[in-house]
Amino acid sequence: MAENVTLTLREHDQERLDKLAEVRKDKAVCEHQRKYEQSKREYRGEDVLKDTGSAVVWWLAKNDDHVEKTVADLGLLAQLTSAANDTDVPDRLRDFLPQPQSNRPDLDAPPASFEREPTTADHFEAFLAGMGFTDGDDRRAMLAKQIADIIKTQDRNETAEELLKRFDPPAVYTPVSDATDETPGL
């Protein structure tokens with residue numbers, strides 16, 4: 001049986017143990033900060049900035065008395081959610097987008113009509129016209145449906161919906177078979 005045992009460390013061993021203890025503490029703090037930042041990103045990305053509506057509700061919850069400011073910031077919130085989700089700003093919110101400084105009207109100049117930025121559907125319509133597919137041509141709707149389906153595979157759902165809405169393609173596209181396939185008795 002041993003009593004009154006004393007352990008003495010050399011000074012350099014004590015320093016090494018102190019350094020290891022400090023490193024463990026720093027590592028624990030760093031891990032907590034990382035988890036906190038990760039949780040914050042997840043909350044904002046999957047909840048707050050999921051779409052413009054979620055961002056507006058979140059903003060209103062944080063700023064109850066500033067409804068007018070929230071309405072004024074709709075364009076900013078739309079841009080933010082679109083950037084967070086790597087999508088286009090929906091057409092219904094494009095009028096809320098702030099104009100670049102160079103496009104802002106001169107207050108001393110007479111009023112002028114402002115043209116909006118062409119949408120993807122505008123460009124697609126120009127493409128169809130260039131191909132000779134005029135209004136009323138069934139190929140316009142079928143091609144729009146096919147392109148919209150491809151665009152959806154690239155996670156550009158809003159752009160695909162814009163094409164579908166604008167060109168109103170038939171619900172189901174079935175290619176026309178050759179006349180030889182329909183001939184009876186062959």
Side-chain angles (χ1 to χ4, degrees), residues 40-64 66-107 109-179 181-182:
K40 213 161 130 176
R41 283 193 311 271
E42 184 178 316
Y43 167 67
R44 288 184 178 158
E46 295 176 7
D47 192 16
V48 173
L49 298 175
K50 177 177 64 172
D51 55 39
T52 304
S54 297
V56 168
V57 170
W58 172 80
W59 185 251
L60 283 171
K62 294 275 193 185
N63 303 283
D64 287 332
H66 301 294
V67 175
E68 294 84 12
K69 177 155 176 38
T70 304
V71 171
D73 289 341
L74 277 176
L76 179 64
L77 292 170
Q79 283 179 305
L80 192 60
T81 56
S82 294
N85 294 296
D86 197 24
T87 60
D88 296 332
V89 174
D91 281 342
R92 68 185 187 284
L93 297 171
R94 290 190 185 207
D95 290 338
F96 293 102
L97 296 177
Q99 294 178 344
Q101 195 67 26
S102 62
N103 290 345
R104 291 195 180 161
D106 182 4
L107 296 178
S113 63
F114 293 99
E115 292 186 23
R116 65 173 172 75
E117 188 77 22
T119 66
T120 302
D122 294 333
H123 292 294
F124 187 70
E125 185 158 9
F127 166 76
L128 291 172
M131 294 288 295
F133 299 154
T134 59
D135 281 338
D137 189 332
D138 291 338
R139 294 176 294 178
R140 287 171 62 102
M142 289 185 282
L143 189 55
K145 170 76 169 112
Q146 292 171 341
I147 296 298
D149 289 343
I150 292 169
I151 291 171
K152 284 180 182 178
T153 66
Q154 303 301 313
D155 294 326
R156 303 294 255 184
N157 294 330
E158 290 174 0
T159 303
E161 291 303 318
E162 176 187 9
L163 290 178
L164 292 174
K165 181 179 174 185
R166 175 101 160 248
F167 298 98
D168 195 26
V172 177
Y173 168 70
T174 53
V176 177
S177 61
D178 290 340
D181 293 341
E182 297 177 340

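Note that these values count all heavy atoms, side chains included, but never hydrogens, waters or copies made by symmetry. Residues take their numbers from the sequence shown, with the count starting at 1.
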[atom1]-[atom2] distance between [X] and [Y], expressed to the nearest 0.5 angstrom:
X: L74; Y: L77; atom1: CG; atom2: CG; answer: 6.5 Å
X: L76; Y: T81; atom1: CG; atom2: OG1; answer: 9.5 Å
X: F167; Y: D135; atom1: CZ; atom2: CG; answer: 8.5 Å
X: D91; Y: E161; atom1: CG; atom2: CD; answer: 11.5 Å
X: L80; Y: W59; atom1: CG; atom2: CH2; answer: 10.0 Å
X: T119; Y: F124; atom1: OG1; atom2: CZ; answer: 11.5 Å

Inset, instruction - Could you check R140 against E125 for side-chain contact (heavy atoms from CB on, under 4.5 Å), going step by step and ending with a plain yes or no? - result: CA-CA 9 Å; R140 287 171 62 102; E125 185 158 9; 3.4 Å; yes
Legend entry - Backbone N/O of I151 and side chain of R156: donor-acceptor pair under 3.5 Å: no
Legend entry - Result of checking Q146, K145, K152 against D149 for side-chain hydrogen bond (donor to acceptor under 3.5 Å, both in side chains): K145
Legend entry - Where L163 and A121 come nearest, the two heavy atoms and their spacing: CD2-CA, 3.8 Å
Inset, instruction - Work out which heavy atom in V89 is nearest to a heavy atom in S82; give both atom names and the distance. - result: CA-OG, 3.3 Å
Legend entry - Audit row: L128, R139, side-chain contact (heavy atoms from CB on, under 4.5 Å) steps and yes/no: CA-CA 9 Å; L128 291 172; R139 294 176 294 178; over 6 Å; no
Do [X] and [Y] come within less than 4.5 Å of each other through their side chains, counting heavy atoms only?
X: L93; Y: L97; value: no
X: N85; Y: E158; value: no
X: D88; Y: R94; value: yes

Inset, instruction - Report the C-alpha distance between T87 and D155 in whole Å, list the side-chain angles of each, state the deciding distance to 0.1 Å, and finish with yes or no for side-chain contact (heavy atoms from CB on, under 4.5 Å). - result: CA-CA 8 Å; T87 60; D155 294 326; over 6 Å; no
Inset, instruction - Just do the side-chain contact (heavy atoms from CB on, under 4.5 Å) check on F127 and L143 with the steps written out, would you? - result: CA-CA 11 Å; F127 166 76; L143 189 55; 3.9 Å; yes
